[in-house]
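Excluded from the calculations below are hydrogen atoms, water molecules and symmetry mates; all remaining heavy atoms, backbone and side chain alike, are included. For this chain, numbers begin at 1 and follow the sequence in order.
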Amino acid sequence: MAGPPPARPVTGALHAGAWWIWALGLAAAASRTTNPLLLALLVAVAGYVVAARRTATGPRSRSYAAFLKLGLAVIAMRLVFAVLLGSPIPGTHTLFTLPEVPLPHWAQGVRLGGRVTAEGVVFALYDAFKLAALLACVGAANALASPARLLKSLPGALYEAGVAVVVAMTFAPNLVADVQRVRAARRLRGRPDRGFRGLLQVGLPVLEGALERSVALAAAMDARGYGRTAEVPPAVRRTTSVLTLGGLLGVCAGTYGLLADQGAGYGTPLLAAGLLAALAGLRLGGRRSARTRYRPDRWDARAWLVSGSGAAVAALMIWAGTYAPGALHPPAVPLTAPELPLWPAASVLLGLVPALLPGTGAPSPSVPEQRTAPLPSSPTSPTSRRSRTP
């Protein structure tokens, strides 16, 4: 009699928090420069990692392309505003002149139309490209990190807010998928799916499906005890509030110091102190949430490498701003072509570390390996017939 089949190795998905730290590190690096060559390199690194490590299917897998399109729309809108409303950068190279609309005296400093210079357009393009790179980094995190898996790793004090964020993040992709499904069904039945009439007939099934999902979600949350809290002493509640609010204020002030050019000295210690206070407050606040985690994601060596690569890109880019500020911020006046600095570009390439890591990990000791027992053979099954054949 044949024994059980060999056990299959359990595939380990990377921790969702590691992807967000990696993406936020790339975003922090993008916020420190206006060099379009470095920003394009950051977008290319994020896109390559997404193409190499994206395993999801469905609407979330296409979120990176949607964020890229949103970035292109931001660039186009910024250029339109720079042409119509003018630019604060003086320039000598006039591209064209628009008819200028006279404005009242209380609108001094604002103009509509007038002379459009190449320096003003280049300055607007640099700023818009920075925002587009930030959107691309956030889109990479959305494509690589599952919101549901990230919700499992949140502290108990943030679980309710995390559920609201996850529901909000998944509503739009599910709505788009419902619209595509209903339109495809109407086309198969030979009914119109375009125009105002088609929109009205498609909107009713989509809204009905959204309502059904909402009711099902509410029932599932109630069945799982969502919102139930445990009793904690008043002193613990007050200490939790002080630590959490103080820590979040420290994180905001430290982040502002890191993003600003003059606050790099006090930003790092203030950010570290705020993070420690916030983590202590969240740990105390987690006592109110009486819940358990089913097979929680482990923070393994791969998560450290992925998050560390993003943090290294941000740290090296901040350090590059101290010894090569001109290379990170090419001037628009005088009008010169940007150059690609060697060492900042090499530091950006550290963001490719997640693409070089193996896609699956070793079996987790906390997760038992799944074994499938052989099914008993029936008299009519092919196995039993083969066993009786001489």
Side-chain angles (χ1 to χ4, degrees), residues 24 26-44 46-47 63-140 142 168 172 175-176 179 194-196 199 203 252-253 255-263 317 321 325-340:
L24 291 178
L26 296 185
S31 67
R32 304 293 296 185
T33 178
T34 56
N35 191 323
L37 300 180
L38 287 177
L39 293 173
L41 186 59
L42 281 167
V43 174
S63 61
Y64 185 70
F67 275 87
L68 289 181
K69 295 177 182 178
L70 181 60
L72 294 177
V74 167
I75 294 176
M77 292 176 60
R78 182 67 176 87
L79 292 179
V80 169
F81 287 152
V83 169
L84 295 180
L85 303 179
S87 175
I89 300 300
T92 58
H93 299 79
T94 303
L95 297 178
F96 52 88
T97 303
L98 296 176
E100 188 170 356
V101 178
L103 297 176
H105 67 279
W106 52 265
Q108 294 180 359
V110 179
R111 68 177 180 87
L112 294 176
R115 190 167 62 96
V116 179
T117 62
E119 290 83 356
V121 172
V122 169
F123 177 78
L125 183 62
Y126 286 173
D127 275 355
F129 204 2
K130 179 197 292 188
L131 182 56
L134 293 174
L135 290 174
C137 296
V138 175
N142 278 275
L175 189 64
V176 172
V179 170
R194 298 183 181 274
F196 184 73
L199 180 62
C252 294
T255 304
Y256 176 78
L258 289 178
L259 297 179
D261 294 334
Q262 297 83 10
M317 190 65 70
L328 298 186
H329 302 279
V333 180
L335 194 61
T336 56
E339 298 180 357
L340 182 64

Considering non-hydrogen atoms only, spot the tightest contact between [X] and [Y] and give its length.
| X | Y | answer |
| --- | --- | --- |
| Ala29 | Met317 | O-CG, 3.5 Å |
| Val43 | Leu68 | CG1-CD2, 4.1 Å |
| Asn142 | Phe67 | ND2-CZ, 3.9 Å |
| Pro331 | Thr336 | O-OG1, 3.9 Å |
| Ala332 | Val122 | CB-CG1, 4.4 Å |

Partner set under side chain to side chain contact (heavy atoms under 4.5 Å, CB included) for Ala46, not counting sequence neighbours: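 Residues passing side chain to side chain contact (heavy atoms under 4.5 Å, CB included) with Ala46: Trp22, Leu26, Tyr64, Ala140.
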Residues in side chain to side chain contact (heavy atoms under 4.5 Å, CB included) contact with Leu340, at least two apart in sequence or another chain: Leu37, Leu38, Ala345
As an exercise, state the distance from [atom1] of [X] to [atom2] of [Y], rounded to the nearest 0.5 Å.
| X | Y | atom1 | atom2 | value |
| --- | --- | --- | --- | --- |
| Leu98 | Leu112 | CG | CG | 10.5 Å |
| His329 | Lys130 | NE2 | NZ | 6.5 Å |
| Leu39 | Thr34 | CG | OG1 | 7.5 Å |

Any side-chain heavy-atom pair of Val83 and Phe96 under 4.5 Å: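 Counting from C-beta outward, Val83 and Phe96 do come under 4.5 Å.
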Minimum side-chain heavy-atom gap Cys137-Leu24 below 4.5 Å: no
Asn35 side-chain N/O to Ala327 backbone N/O, donor-acceptor pair under 3.5 Å: yes
Where at least one partner belongs to residues 112-129, residue pairs that pass side chain to side chain donor-acceptor pair (under 3.5 Å), sequence neighbours excluded: His93-Glu119, Thr94-Arg115
